[in-house]
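Take a look at the structure below.
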Protein chains: 2
Amino acid sequence: MNLKQLSQQLGLSQTTVSRALNNYPEVSEQTRERVKSAAIKFNYRPNARATGLATGRARAIGHVIPMNSTEVLNPIFAEFIAGASRTYSKHGYELLLTMAATGTEDSVYRQIASRQSVDGIIVHGPRIDDPRISLLQELRLPFVIHGRDTANTSEYAWIDINNRRAFFQATKLLTDLGHRDIALINGEETMTFASRRRIGYEDALQLANIPLNRQLLFEGDLTEENGYLAASALLGLTKYPTAFLVSSYMGALGVRRAIHSAGLNMGSDISVIIHDDELSYFHNSGDIPQFTATRSSVREAGTLAAEMLLAIIDNPSAPLPNRLLEANLIIGESTGPKKR
Amino acid sequence: MNLKQLSQQLGLSQTTVSRALNNYPEVSEQTRERVKSAAIKFNYRPNARATGLATGRARAIGHVIPMNSTEVLNPIFAEFIAGASRTYSKHGYELLLTMAATGTEDSVYRQIASRQSVDGIIVHGPRIDDPRISLLQELRLPFVIHGRDTANTSEYAWIDINNRRAFFQATKLLTDLGHRDIALINGEETMTFASRRRIGYEDALQLANIPLNRQLLFEGDLTEENGYLAASALLGLTKYPTAFLVSSYMGALGVRRAIHSAGLNMGSDISVIIHDDELSYFHNSGDIPQFTATRSSVREAGTLAAEMLLAIIDNPSAPLPNRLLEANLIIGESTGPKKR
DNA sequence: GCAACAATTTAAAGCGCTTTGGTTAATTAG
DNA sequence: CTAATTAACCAAAGCGCTTTAAATTGTTGC
């Protein structure tokens with residue numbers, strides 16, 4: 001059923017029916033009621049394409065997931081999107097998902113913009129000197145970045161966690177516990193989050209007068225396997241690290257496996273601190289959680305990012321918002337004083 | 001730039017420009033070339049909403065992710081979608097993502113259908129006697145189910161793996177190794193995949209003359225935590241199981257943790273077989289993978305499901321396709337003969 | 001040189017909605 | 001009782017495309 005048919009059923013013009021449904025004032029309460037109940041009765045909902053064409057608004061938001069060459073899909077994106085989608089459905093927006101392989105990103109974003117199937121975009125996984133920021137600015141497409149590019153000083157909307165502070169605190173906790181050989185199992189340092197976490201780590205080492213040992217650094221996709229491989233290699237060193245800082249729960253699962261297969265005990269022999277995005281499949285909860293962690297809900301970040309973007313779309317002339325979330329340091333079972 | 005502006009630039013009618021771009025035959029090769037290069041030059045791409053309105057096709061596919069009450073988002077869906085999205089972009093389709101909480105599903109699907117923003121739907125996570133099948137049939141919206149509902153005998157398109165056979169083989173491998181107390185850590189049995197896996201498991205037990213012990217069954221979200229809790233409880237039994245069958249990699253990570261904290265060794269003391277969806281963040285690869293597994297790529301299933309759906313949309317009168325994929329049994333390090 | 005036909009091109013309608021600029025009916029003011 | 005005002009409704013244009021039906025141009029045959 002379309003608007004024309006519905007209005008014929010009611011013996012009203014399309015104009016009046018449309019206005020009644022969209023809560024315009026120039027319709028009597030009586031007819032509005034009549035129209036609305038008829039719409040429910042006939043299960044009428046406006047055709048999204050037609051509404052979009054008429055209003056020039058797609059009522060949809062695009063999420064572009066970067067897929068790196070190794071075809072790895074980060075579960076963190078999924079959780080973020082789950083958070084954002086709640087906001088969208090609450091506001092009558094749809095969510096358009098696009099995967100963009102590294103290298104094709106420029107054309108993917110241009111295509112999205114010119115096809116006009118979305119009113120705004122959420123940018124995932126920002127990298128240092130990310131060309132997408134200026135591209136989207138040029139395309140005049142509202143966007144919010146999950147993360148931020150500290151190398152880019154222009155104005156853009158972002159939501160991020162205080163990665164530097166979080167990893168500073170985590171590292172400091174370890175140095176306070178007496179650890180001096182602390183490994184960092186990090187995401188790829190082209191990603192801004194990983195770079196900032198490393199800086200926080202280095203700051204804390206410096207504070208404790210511990211020279212940076214590049215041997216103890218790993219960067220790469222934070223998969224279980226990579227966590228295992230990195231930690232296994234590190235534990236094979238003669239002077240192996242007594243503490244690990246791991247940028248994700250998934251990587252930490254591999255680190256835990258490596259610790260166990262080396263015959264060591266997590267918590268007593270080797271301390272581990274993770275960053276906990278509160279993924280629903282990987283709860284690190286309980287009174288004393290398994291892992292000591294810097295914790296921040298990525299799902300909530302998704303909700304907030306979506307709200308920010310919708311606000312920008314509703315009021316494009318307002319100053320661009322940004323938001324820095326602090327992570328909470330949660331003490332779990334995986335940390336302890338350095339054994340001597 | 002829109003079609004009108006582009007055609008004015010070229011001194012041609014909108015009709016000819018449209019036809020040139022859409023490769024209609026009634027345009028001379030010369031003008032076609034001229035039009036196409038102008039389109040590239042001016043970065044013109046048709047407005048998706050207008051095209052959709054004119055053709056009655058949205059050129060978009062909807063994926064509806066069921067979110068259960070515990071707000072858990074299954075990473076397997078994400079991997080499936082990543083596979084599907086390749087097919088979509090190859091065919092010029094977009095992907096619309098919707099999260100539907102249990103209970104709201106009926107209205108979510110109705111809304112999608114009446115808004116007409118998609119040409120078809122992929123149904124995730126089918127349950128036994130799933131009402132969504134008859135609903136979508138009634139709404140006349142093309143759909144493909146990832147999984148199937150064996151309780152529903154009507155015609156519908158699906159792609160599934162042979163869950164029953166896979167878990168039969170896995171269980172048989174364990175009984176052949178001498179195991180008699182085999183636990184099954186399964187997904188919720190309202191889900192058809194879990195139900196069929198359990199049947200395969202029971203078939204193999206029966207073949208080995210092992211009575212079913214309900215104490216050894218667990219069903220629930222296959223999170224790391226649930227895997228840990230279930231396995232910990234089971235290992236606390238006086239006559240604890242010597243083998244675990246785990247329906248997902250994530251659950252198996254928790255099982256592995258439980259085995260370790262019980263002071264046991266996976267592979268020698270306790271055998272474990274998992275179902276391996278080949279998630280990109282959870283590789284179970286290598287010459288001898290960590291886990292013995294029934295393996296089937298969920299990403300490939302996504303690609304195939306998308307192709308099936310697009311075929312249905314292109315030719316709605318053809319018989320509805322379905323596809324049963326076999327899982328491969330891969331021997332890894334996590335299984336061994338029962339110790340006596 | 002003209003009819004017949006094919007090859008190109010175009011004008012205009014239509015997809016289903018919103019919105020501008022009316023019109024009509026009811027109410028109030030003078 | 002008429003004019004002015006307001007409340008309620010409607011006709012039609014327009015969003016940017018596709019597609020039908022018609023027009024134009026080019027080509028061929030006799």
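In what follows, every chain begins at residue 1, and chains take the letters A, B, ... in the order their sequences are listed.
None of D160(B), T192(B), N322(B) except one satisfies the side-chain hydrogen bond (donor to acceptor under 3.5 Å, both in side chains) rule with R148(B); the exception is D160(B).
Counting only distance, with no hydrogens or angles, the side chain of Q116(B) and the backbone of A58(B) share no donor-acceptor pair below 3.5 Å. A donor-acceptor distance shorter than 3.5 angstrom exists from the side chain of Y156(B) to the backbone of D149(B), with no hydrogens or angles considered.
Considering only the side chain of S18(B), dT18(D) comes nearest among dT18(C), dT18(D), dC17(C).
Overall, the helix from dG1(C)-dC30(D) to dG30(C)-dC1(D) carries an axis bend of 60° between its ends, with five pairs at each end and the value rounded to 10°.
In terms of heavy atoms, S85(B) sits closest to M99(A) at OG-CG, 2.9 Å.
Between the NE2 atom of H63(B) and the CG atom of L95(B) there is a distance of 4.5 Å, given to the nearest 0.5 Å.
K4(A) places its NZ atom 6 Å from the P atom of dC15(C), with the value rounded to the nearest Å. The interatomic distance linking L3(B) (CG) with dG14(D) (P) rounds to 17 Å, in whole Å. Rounded to whole Å, atom P of dT18(D) lies 11 Å from atom CG of L53(B). The distance between atom CD of Q30(B) and atom P of dT8(C), rounded to the nearest whole Å, is 10 Å. One atom, CG of L10(A), and another, C1' of dC10(D), lie 15 Å apart when rounded to the nearest Å. Atoms OH (Y24(B)) and C1' (dT20(D)) sit 11 Å apart, rounded to a whole Å. Across the protein-nucleic acid pair, N47(A) atom CG and dG14(C) atom P stand 18 Å apart, rounded to whole Å. Counting to the nearest Å, the P atom of dT20(C) and the CG atom of N22(A) are 13 Å from each other.
Annotation: proximity of residues 34-44 of chain B to DNA chain C (heavy atom, distance under 4.0 Å) is found for no residue.
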Considering only nitrogen or oxygen atoms on both sides, find all protein atoms under 3.5 Å from nucleotides 9-12 of chain C and state each distance.
| residue | atom | partner | partner atom | Å |
| --- | --- | --- | --- | --- |
| dT9(C) | OP2 | S28(B) | N | 3.4 |
| dT9(C) | OP2 | T31(B) | OG1 | 3.0 |
| dT10(C) | OP2 | S13(B) | N | 2.8 |
| dT10(C) | OP2 | S13(B) | OG | 3.2 |
| dT10(C) | OP2 | T16(B) | OG1 | 3.1 |
| dT10(C) | O4 | R19(B) | NH1 | 2.7 |
| dA11(C) | N7 | T15(B) | OG1 | 3.4 |
| dA11(C) | N6 | T15(B) | OG1 | 2.7 |
| dA12(C) | N6 | T15(B) | OG1 | 3.4 |

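Ion pairing of R110(B) with E138(B) is present here, as a side-chain N (NZ or NE/NH1/NH2) and a carboxylate O approach within less than 4.0 Å. Salt-bridge annotation for R323(A) and E307(A): absent, with no side-chain N of the basic residue lying under 4.0 Å from a carboxylate O of the acidic one.
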